[in-house]
Amino acid sequence: MPKHWANNLAAVVFLAMAWAGLAGWSPIAQGQTGWPDEQRAGPFLCHADFSLAEQKPLLAELAVVEDDLRKTLGTPAVSEPIHLFLFQSKQSYQGYMQQYFPRVPYRRALYIKARGPGMVFAFRGDEFAVDVRHETTHALLHAWLRDVPLWLDEGLAEYFEVPHDQRAGHNPHLATTRALVGTGEHPRLEELEQLQSIDNMGRDEYRDAWAWVHFMLHGPAEAHEELLSYLGELKEGSPAEPLSRRLRRRMPDLN
């Protein structure tokens, strides 16, 4: 089992901020300048408490993720910058979060958005690149859509958290999904659609969410069409029929 599966809730999470007094707050707006290194990568303004020289490959990846989402999901260009705060150690990350976001539960990496620009926070741990790609996917998605069902939000982030050339056939979730199907079971889409809290997302739920996203991106054209139609309705604010119903209507033999 890949290490980040064993501790998913500590590794990947999206938080829509509703804390009193945080609306419109941001470290940048508060004048937190003087970061040792700051660089731009596509729509991301990166602020780090260490040199980013060794992170050029990762920053180059981030610079094209927005384009990947546009080609895959039809998302528009991000209209405002997204701030990416990177920390050398877990200790410096925790100290910063405790100082500026004391009411936010600890997670290994975070995406936070109040009324201002989106913000991603991560530290250089064993799964640093995975964490950064995962949370920046959340940030890009929510720069376009205000509300996304939890399972789809996490499934898309799981899909884009691996390097570009690994997404189709080399995601760690693929082997366990094949093993599941080999037993005669299938990823549980209707159950995923009922989830309302990140605390209900465990290893199996992340796997199943990824599996359905992978199916809609690499499976039959009808599945991809339904995903795009569904996202379009979410953008318009229309009551969107659940994807499970849409997919089963288009493909009665879905399983």
[X] versus [Y]: any side-chain heavy-atom pair under 4.5 Å?
X: Glu154; Y: Trp210; answer: no
X: Ile82; Y: Met119; answer: no
X: His83; Y: Cys46; answer: no
X: Asp49; Y: Leu86; answer: no
X: Glu135; Y: Leu110; answer: no
X: Leu140; Y: Trp144; answer: no
X: Leu231; Y: Leu152; answer: yes
X: Met97; Y: Tyr106; answer: no

More than 12 heavy atoms of other groups within 6.0 Å of His170 NE2: no
Same apolar cluster (I L V M F W Y, side chains within < 4.5 Å links), [X]/[Y]:
X: Met251; Y: Met216; result: yes
X: Tyr230; Y: Leu228; result: no
X: Val120; Y: Val162; result: no

Kindly compute the distance separating [atom1] ([X]) from [atom2] ([Y]), expressed to the nearest 0.5 Å.
X: Tyr100; Y: Phe85; atom1: OH; atom2: CZ; result: 10.0 Å
X: Asp204; Y: His173; atom1: CG; atom2: NE2; result: 10.5 Å
X: Leu73; Y: Leu141; atom1: CG; atom2: CG; result: 7.0 Å
X: Arg207; Y: His214; atom1: CZ; atom2: NE2; result: 14.5 Å

Listed partners of Phe215 passing ring-ring contact (aromatic ring centres under 6.0 Å, His included), at least two apart: Trp212
How would you list, by chain and number, every residue that makes a salt bridge (Lys or Arg N to Asp or Glu O under 4.0 Å) with [X], sequence neighbours excluded?
X: Glu185; answer: none
X: Glu80; answer: Lys113
X: Arg188; answer: Glu191, Glu205, Asp208
X: Asp37; answer: none

Ignoring hydrogens and angles, tell me if any N or O in the side chain of [X] forms a donor-acceptor pair with the backbone of [Y] under 3.5 Å.
X: Ser197; Y: Asp199; result: yes
X: Asn200; Y: Leu195; result: no
X: Ser89; Y: Ser92; result: yes
X: Asn171; Y: Glu158; result: yes

Minimum heavy-atom distance between [X] and [Y], given as atom pair plus value:
X: Pro187; Y: Leu180; answer: N-CD2, 3.8 Å
X: His224; Y: Thr72; answer: NE2-O, 3.0 Å
X: Leu189; Y: Leu243; answer: CD2-C, 4.4 Å
X: Leu156; Y: Thr137; answer: O-CG2, 3.9 Å
X: Ala48; Y: Pro36; answer: O-CD, 3.1 Å

Distance-only donor-acceptor check, side chains His138 and His142, under 3.5 Å: no
Under the salt bridge (charged side-chain N to carboxylate O under 4.0 Å, His left out) rule, what pairs show up with a residue in residues 162-183, not counting sequence neighbours? Asp68-Arg167
List the atom pairs, donor and acceptor, that lie under 3.5 Å between side-chain atoms in residues 56-67 and the rest of the protein, sequence neighbours left out.
unit_1	atom_1	unit_2	atom_2	d
Glu61	OE1	Arg133	NH1	3.3
Glu61	OE2	Arg133	NH1	3.0
Glu66	OE2	Val78	N	2.6
Asp67	OD1	Arg70	NH2	3.1
Asp67	OD2	Lys71	NZ	3.1

Check side-chain hydrogen bond (donor to acceptor under 3.5 Å, both in side chains) between [X] and all other residues, then give those that pass, not counting sequence neighbours.
X: Glu233; answer: Arg246
X: Glu241; answer: Arg249
X: Glu225; answer: Arg250
X: Glu193; answer: Ser244

Take the angle between the ring planes of His47 and Trp35 and call it parallel below 30°, perpendicular above 60°, tilted in between. tilted
Stepwise side-chain contact (heavy atoms from CB on, under 4.5 Å) test for Arg124 and Lys90: CA-CA 7 Å; Arg124 295 183 70 181; Lys90 179 179 179 179; over 6 Å; no
Residue pairs passing the ring-ring contact (aromatic ring centres under 6.0 Å, His included) test where at least one lies in residues 145-169, sequence neighbours excluded: Tyr159-His218
With side-chain contact (heavy atoms from CB on, under 4.5 Å) as the test, would you mind laying out the steps for Leu45 and Glu38 before giving the verdict? CA-CA 7 Å; Leu45 297 178; Glu38 295 181 300; over 6 Å; no
Could you tell me whether Phe121 and Tyr93 have their ring centroids closer than 6.0 angstrom? no
Just do the side-chain contact (heavy atoms from CB on, under 4.5 Å) check on Leu217 and Leu227 with the steps written out, would you? CA-CA 8 Å; Leu217 297 183; Leu227 173 62; 3.8 Å; yes
So Phe128 and Gln55, side-chain contact (heavy atoms from CB on, under 4.5 Å) or not? Walk me through it. CA-CA 10 Å; Phe128 177 62; Gln55 302 301 323; 3.4 Å; yes
Arg248/Glu190 ion pair, N-O < 4.0 Å: yes
